[in-house]
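These notes concern the structure reproduced below.
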Amino acid sequence: MTDKTTIEKNVVGNFITHIIDEDLASKKHSNVVTRFPPEPNGYLHIGHAKSICLNFGVAADYQGICHLRFDDTNPEKESDEYAQAIQRDIKWLGFDWGRNKFHASDYFDHLYGFAEELIEKGLAFVDDQSPEEIRENRGDFNRPGVESPYRERSVEENLTLFRGMKAGEFADGSKVLRAKIDMQSGNINMRDPVIYRIKRMHHIHTGDKWCIYPMYDFTHCISDALEGITHSLCTLEFEDHRPLYDWVLDNIDIDCHPQQIEFSRLNVSFTVTSKRRLNQLVEQNIVDGWDDPRMSTISGLRRRGYPPAAIRDFVKQVGVSKKESVISMTVLEDVIRHHLNQTSPRVMGVLDPLKVVIENYPEDQVEMLTGANHPQDESFGSREIPFSREIYIEQADYKANANRKFFRLTEGREVRLRHAYYITCREAIKDEAGNVIELRCTYDPESRGGTADGRKVKGTIHWISAAHAEPIEVRLYDRLFNHPNPASMDNFIDAVNPDSLRILPNALLEPGIAEQDADVVYQFERNAYFKRDKTHEKDKPVFNQVVTMRDSWAKVEQSAE
RNA sequence: UGGGAUGUCGCCAAGUGGUUAAGGCACCAGGUUUUGAUCCUGGCAUUCGAAGGUUCGAAUCCUUCCAUCCCAGCCA
């Protein structure tokens, strides 16, 4: 208590950890086993990150384990490509299932056995009704269901029929196995739910062994129980399924009964996370594939340059509750910035170059100046930066007739060049159209690394020696949507931000950076954080903007207008 | 006129009958600064969806009401 060995938790205390605490205290459980159970039918997104961090995080916090289980009960939509991508994404997020990788399909034999057990107990029957009849007879919110005419078949007949289903004697869709529960139930999930259907389809794991496949509600609870899961965490929409989860386990011979606990999904403002919508963005070529840096997919976040540790911090900060919520994107950005501020080496990059000639600097001279790679952390070391008579600065760092609030260049004003000298703007050269194309400046040779006479200058701007600058392409990203909750719209495509990607083909980077480590996120000082894109090549360097820096000047400038 | 859930500051979220109702983001005001970044300081809910009630004492217990979300796949 008094020492500093307190280990930082992965998950902050919440209603789920309270339940676990109680279960441990009451000796209901002596350990914690959770699971992350994706269906391999799509790519993971930021919403899944919450579930992953919660399940793996809680397990780690309690010295327990977390299984990875592919919920592969519907071969129609599943592929191994997705399964591989899911594993890659979980690992990238920093979690490890060790040897505990399972598939619901591993249990198909067990599941089949439990289904026969229900039949033998008179708790399941083979129904010959068509899908339409079943739907019609299920009733609705205001109308109870009608029992199937096949509901009272004998155990023997049901067994024979179900074995026939398994043996491939019946056509797809011609028969199903249903649990016999309660057609009057207010909970529609309990109105004799279908638990097995006939579907002649190749399965990614079991191949063509089966032509009947168990439904989610029958499979999930049993899979949890077979694996000894203690707490089965899922999202809110499964609350109505919990009675069925419990019914199945209560009515078969199995000695484990995990507790299903539901929490709310993670939604982030100005993004979408539904598979359907993400897919639409890809299909309509609104984005550059599933890993487009603007996508909320894990692969998109990775390509964008978000550090996995920051995503974990984000999920942690967001918390866990049962309240439907939309987290502000600023929370995500803040966590990313906070992380990157501590871990990113600083570098100078000019996004929108403006040429500057320093008239009193010798024509052929090149000086190597030393720049610290991190202003607060000396362990980052320093680098040599070439300085010469012609340099590039940011267009935005010059303004004609600027007022006193503008700390950068305007005629007659002096600023500091980062890591270098003071320069004073003497003249702006314009083209015929009146655009400023070059600045003529003078420098103070005594001002290197400080000032001889102690005079202070308000502004410091970044620059790159013209002769040494490396041309790069820079991609700037803004929110993909202009609406805080695109999913709530009739057509979310209408909310797509047409300016979410801006390509700057003529950006410049200080030398010796572009070909360094592909995984490093750099801070282009006074601009933003950048990381090499996957399309980056030696002769065509491409950098993605990860996140901008906070910009209080933008606010000042805006309020002045 | 069905069933299941949720309502604490603009967005999240602690709180489990006795606290001046944590914290983060956002926002506002200052300070430091060779990044208008970072960092630091201060401000930001007499009130917990509403109304009643129980209690010496209620965000926490009870009642009623209101709002929002989920459910009618042989999807998960």
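Chain letters run A, B, ... following the sequence lines, proteins first, then strands; residues in each count from 1.
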- What is the distance from atom NE2 of A:His48 to atom OG1 of A:Thr297, rounded to the nearest 0.5 Å? 11.5 Å
- Query: If you round to the nearest 0.5 Å, how far is CG of A:Asn14 from CD1 of A:Ile19?
  - Reply: 8.5 Å
Classify [X] by what it touches in the nucleic acid, base, sugar-phosphate, or nothing, heavy-atom distance under 4.0 Å.
X: A:Val457; result: nothing
X: A:Arg408; result: base
X: A:Met215; result: sugar-phosphate
X: A:Phe314; result: nothing
X: A:Leu236; result: nothing
X: A:Ile134; result: base

- Check RNA chain B against residues 180-188 of chain A and give the residues with a non-hydrogen atom under 4.0 Å, in numerical order. A:Gly186, A:Asn187, A:Ile188
Report yes if a donor N or O on one partner sits less than 3.5 Å from an acceptor N or O on the other, where the partners are the side chain of [X] and the base of [N]; otherwise report no.
X: A:Arg346; N: B:U35; value: yes
X: A:His18; N: B:U16; value: yes
X: A:Gln376; N: B:U38; value: yes

Can you tell me which nucleotide in [options] comes closest to the side chain of [X]?
X: A:Asp334; options: B:G73, B:C70, B:C25; result: B:C25
X: A:Trp553; options: B:G36, B:C27, B:U34; result: B:G36
X: A:Asp140; options: B:G2, B:G15, B:A72; result: B:A72
X: A:Arg416; options: B:U34, B:A76, B:A72; result: B:U34
X: A:Gln523; options: B:A5, B:U35, B:C39; result: B:U35
X: A:Asp240; options: B:G4, B:C12, B:U38; result: B:G4
X: A:Lys323; options: B:A76, B:U6, B:C39; result: B:U6
X: A:Val331; options: B:C25, B:U34, B:C75; result: B:C25
X: A:Val176; options: B:C74, B:U8, B:A5; result: B:C74
X: A:Arg138; options: B:U6, B:A72, B:U35; result: B:A72

- Query: When the ring centroid of A:Phe108 is compared with that of A:His203, is the distance short of 6.0 Å?
  - Reply: yes
- Are the aromatic ring centres of A:Tyr196 and A:Phe162 under 6.0 angstrom apart? yes
Span that lies between the [atom1] atom of [M] and that of [N], in whole angstrom:
N: B:C66; M: B:G49; atom1: C1'; answer: 7 Å
N: B:U46; M: B:U38; atom1: C1'; answer: 37 Å
N: B:A14; M: B:A22; atom1: C1'; answer: 6 Å
N: B:C28; M: B:U33; atom1: P; answer: 23 Å
N: B:U1; M: B:C65; atom1: P; answer: 12 Å
N: B:G43; M: B:G23; atom1: P; answer: 10 Å
N: B:G42; M: B:U35; atom1: C1'; answer: 25 Å
N: B:A13; M: B:A45; atom1: C1'; answer: 14 Å

- Message: For the base of B:G3 and the side-chain ring of A:Phe141, does the geometry meet a stacking cutoff of under 5.5 Å between centres and under 30° between planes?
- Response: no
- Message: Tell me whether the side-chain N/O atoms of A:Lys458 come closer than 4.0 Å to OP1 or OP2 in B:U34.
- Response: no
- Side-chain N,O (A:Lys199) to OP1/OP2 (B:C75) below 4.0 Å: yes
- Message: Check this for me: does any side-chain nitrogen of one of A:Arg143 and A:Asp140 sit under 4.0 Å from a carboxylate oxygen of the other?
- Response: yes
- By nearest nucleotide on RNA chain B, pick out whichever of A:Phe524 and A:Gly173 is the more 5' one. A:Phe524
- For RNA chain B, whose closest nucleotide is more 5', that of A:His220 or that of A:Gln317? A:Gln317
- Message: With a 4.5 Å cut-off on side-chain heavy atoms, are A:Thr206 and A:His103 touching?
- Response: no
- Task: Determine whether A:Asn373 and A:Arg346 make a side-chain contact, defined as any pair of heavy atoms from C-beta on separated by less than 4.5 Å.
- Result: no
- Would you say A:Arg404 has more than 12 foreign heavy atoms packed within less than 6.0 Å of its CZ? no
- Message: Does the Lys NZ or Arg CZ of A:Lys199 fall within the cation-pi geometry relative to A:Tyr213 - under 6.0 Å from the ring centre and within 45° of the axis?
- Response: no
- Item | Assigned glycosidic conformation for B:G24 [threshold 90° from 0] | anti
- Query: Where does the angle between the aromatic ring planes of A:Tyr245 and A:His220 fall among parallel (under 30°), tilted (30 to 60°) and perpendicular (over 60°)?
  - Reply: tilted
